[in-house]
Amino acid sequence: MSGARALHPWQVITGGICGLVLTIGLARFAYTPLLPALQAQTGLSDAAAGGLAAVNYAGYMSGALAAAWIDDARWRHRLYGAGLWMALLCTALMAVSAWWPAWALWRYLGGLCGATGMLLGSGLVLGWLMRQGRRPELGVHFIGLGLGIVVSAVGAWALQRVWPLWSTQWLALAVVGLVFFAPAWLWRPPVPPPAATAAAQAAAPTASKRWMWTMAGSYFAAGWGFVISATFTVAIVEREPALAGQGPLAWALVGLAAMPAVFLWDRVARRLGDTRALLLAFGLQTLSVILPALSGSLAAALLGAVGYGATFIGIVSLTLALVGRRSPANPGKAMARLTLSYGAAQIIAPAVAGAMAQASGSFRGALWLTAAVMALGMAILATLPEEAPALKA
């Protein structure tokens with residue numbers, strides 16, 4: 001990238017945000033608000049819908065495995081750029097065919113894109129911030145997650161009124177993605193010089209195996225809680241007779257709650273510490289999952305959506321920044337290793353939830369199971385051993 005060294009902080013942050021909108025907001029999150037139309041117009045069953053979500057996360061996990069293996073900064077940079085292109089392509093290709101195996105392929109590749117944005121892109125941004133002597137936090141960067149949700153929700157809501165056909169909606173969202181592609185591509189964080197990488201490696205704090213396994217266990221639970229709401233929020237709302245047509249509103253509220261929450265969780269972590277902040281986020285997300293299980297009212301659905309949006313973003317941001325600071329030479333690789341547990345939950349949970357919903361005709365059982373898994377994650381996180389402090393936030 002010629003001229004990459006002249007990038008300003010606002011450019012790197014903005015480019016990273018746009019990269020998340022593409023690779024997560026479209027390649028992953030577009031599926032959630034478009035799912036009801038997809039099911040209504042193509043006959044896609046709950047179990048098949050859950051299977052597509054599981055395939056998407058299988059792709060995400062494959063990407064996490066690759067990111068956990070790649071040491072070369074140049075390859076991390078190239079693959080992140082490829083993920084930006086692929087995110088647009090996979091979104092558009094969902095419109096080409098109504099054949100489930102084809103959808104599964106595009107969802108799998110979309111999962112790979114999500115891993116490039118979430119792990120490689122975030123690692124590149126965090127590494128750049130640390131080299132520039134700035135706060136090694138990812139709160140502002142993860143505005144891209146909330147913005148991606150808002151873009152997919154508002155886009156789906158508007159498109160359903162202009163072009164009701166499901167395939168046209170996917171194509172139109174891919175066109176919207178072009179707006180975010182330009183800054184994401186032009187303002188990618190530059191490849192770090194070898195000297196900077198070597199210096200970061202020499203100063204890198206280390207984490208014990210127990211610390212990593214404890215974090216992995218709690219992050220598995222976080223992944224379970226994340227994926228159920230990320231996949232089925234709109235469908236859960238639309239299933240309630242009194243709430244029909246309100247699904248996109250609930251999904252938009254998830255994103256709107258997530259966007260300001262990223263700043264708040266960074267501040268909470270500075271005041272309480274990372275572990276206590278994470279425990280608080282886990283507890284609040286568990287409550288947000290329980291609300292729609294307790295009541296079928298619009299208030300419960302919307303409060304649950306707001307609570308989910310405001311908390312999942314904190315769990316992801318705090319966890320990835322915490323582990324990334326312990327591996328300044330290659331934050332993306334450390335994030336990827338931890339994300340393998342998150343990805344495992346994202347493969348298992350939607351398939352289980354879809355099967356439970358199809359068997360019972362309701363998502364309530366899946367929501368209660370999710371709350372139990374989240375509570376177990378809190379218990380595991382509470383045992384996190386004290387370690388030598390990572391790089392200061």
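Under the 4.5 Å side-chain contact rule for hydrophobic residues, V316 and L279 share a cluster. When the side chains of ILVMFWY residues are joined at heavy-atom separations under 4.5 Å, either directly or via intervening members, L264 and L253 end up in two distinct hydrophobic clusters. L186 and V125 fall within a single hydrophobic cluster, where Ile, Leu, Val, Met, Phe, Trp and Tyr are joined by side-chain heavy atoms under 4.5 Å apart, directly or via other members. Cluster annotation: L178 and L171 are assigned to distinct hydrophobic clusters (Ile/Leu/Val/Met/Phe/Trp/Tyr, side-chain heavy-atom contacts under 4.5 Å, transitive). With hydrophobic clusters built from ILVMFWY side chains whose heavy atoms lie under 4.5 angstrom apart, L303 does not share a cluster with M259.
For the pair L84/T116, no side-chain contact is recorded, criterion being any heavy-atom separation below 4.5 Å from C-beta on. Inter-residue side-chain proximity for M118 and L320 is flagged as met; some heavy-atom pair is nearer than 4.5 Å. Taking the side chain as every heavy atom from C-beta outward, L318 and D266 approach each other to under 4.5 Å. Considering only heavy atoms from C-beta on, L147 comes within 4.5 Å of F180 through its side chain. Within the 4.5 Å cutoff, the side chain of L124 has no heavy atoms near those of the R188 side chain. Side-chain contact check for L52 versus Y31: some heavy-atom pair is nearer than 4.5 Å. L109 has its side chain within reach of C90: a pair of non-hydrogen atoms, C-beta onward, lies under 4.5 Å apart. In this structure the side chain of P33 never reaches within 4.5 angstrom of the side chain of W157, judged on heavy atoms.
Relative to the ring axis of W213, R210 does not place its NZ or CZ within 45° and under 6.0 Å from the centre. Remark: R267 is not positioned above the aromatic ring of W265, lacking an NZ or CZ atom under 6.0 angstrom from the ring centre and at most 45 degrees off the axis.
Aromatic ring centroids of W10 and W187 lie under 6.0 Å apart. Ring centers of F181 and W85: under 6.0 Å apart, within the cut-off. You'll find the ring centres of W103 and W166 inside the 6.0 Å limit.
Interatomic distance, CH2 of W100 versus CG of L44, reported as 9.0 Å (0.5 Å rounding). For the atom pair CZ of F142 and CD1 of I24, the computed distance is 8.5 Å after rounding to the nearest 0.5 Å. Note that CG of L105 and CZ of R107 are 11.5 Å apart. Values are rounded to the nearest 0.5 Å. To the nearest 0.5 Å, atom CG of residue L381 and atom OG1 of residue T214 are 8.5 Å apart. Between atom CZ of residue R364 and atom CD1 of residue I290 there is a gap of 13.5 Å, rounded to the nearest 0.5 Å. Rounding to the nearest 0.5 angstrom, the gap separating the CZ atom in F226 from the OG1 atom in T311 is 11.0 Å.
Taking the side-chain contact (heavy atoms from CB on, under 4.5 Å) definition, one finds that R276 meets it with L272, sequence neighbours left out. Among residues two or more places apart in sequence or in another chain, the side-chain hydrogen bond (donor to acceptor under 3.5 Å, both in side chains) test is passed with T91 by none. By the side-chain contact (heavy atoms from CB on, under 4.5 Å) test, A47 pairs with S45, Q358, sequence neighbours left out. T319 pairs by the side-chain hydrogen bond (donor to acceptor under 3.5 Å, both in side chains) definition with nothing, not counting sequence neighbours. Under the side-chain hydrogen bond (donor to acceptor under 3.5 Å, both in side chains) criterion, S62 pairs with Y108, sequence neighbours left out. Taking R271 as the reference, nothing meets the salt bridge (Lys or Arg N to Asp or Glu O under 4.0 Å) condition, with sequence neighbours excluded.
The two residues M374 and T286 have their closest heavy-atom pair at CB-OG1, 3.2 Å. The minimum heavy-atom distance between P189 and V12, with the atom names listed, is CG-CG1, 3.9 Å. Closest non-hydrogen pair, A258 versus G146, comes out as CB-CA, 3.8 Å. Taking every heavy atom of both residues into account, L120 and Y80 meet most closely at CD1-N, 4.1 Å. Of all heavy-atom pairs spanning V151 and V176, the tightest one is CG1-CG1, 4.1 Å. L35 approaches A49 most closely through the heavy-atom pair CD1-CB, 3.8 Å.
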message: As a quick check of understanding, evaluate side chain to side chain contact (heavy atoms under 4.5 Å, CB included) for Y219 and I380, giving each step before the final call.
response: CA-CA 10 Å; Y219 210 39; I380 294 172; over 6 Å; no

- request: Decide yes or no on side chain to side chain contact (heavy atoms under 4.5 Å, CB included) for W170 and L38, but give the supporting numbers first.
  value: CA-CA 10 Å; W170 281 98; L38 201 64; 4.1 Å; yes

- prompt: Passes side chain to side chain contact (heavy atoms under 4.5 Å, CB included), V254 versus V306? Steps please.
  reply: CA-CA 5 Å; V254 171; V306 169; over 6 Å; no

- request: Assess whether side chain to side chain contact (heavy atoms under 4.5 Å, CB included) is satisfied between Q285 and I315, documenting all intermediate values.
  value: CA-CA 9 Å; Q285 184 170 332; I315 293 173; 3.2 Å; yes

query: How far apart are the C-alpha atoms of Y60 and Y342, what are their side-chain angles, what is the distance that settles it, and do they pass the ring pair (Phe, Tyr, Trp, His ring centres under 6.0 Å) test?
result: CA-CA 10 Å; Y60 188 92; Y342 200 78; 7.2 Å; no

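For S341 (side chain) and L338 (main-chain N/O), a donor-acceptor pair under 3.5 Å exists by modelled atom type. Side-chain N or O atoms of W163 include none that pairs as donor or acceptor with a backbone N or O of Q169 at under 3.5 Å.
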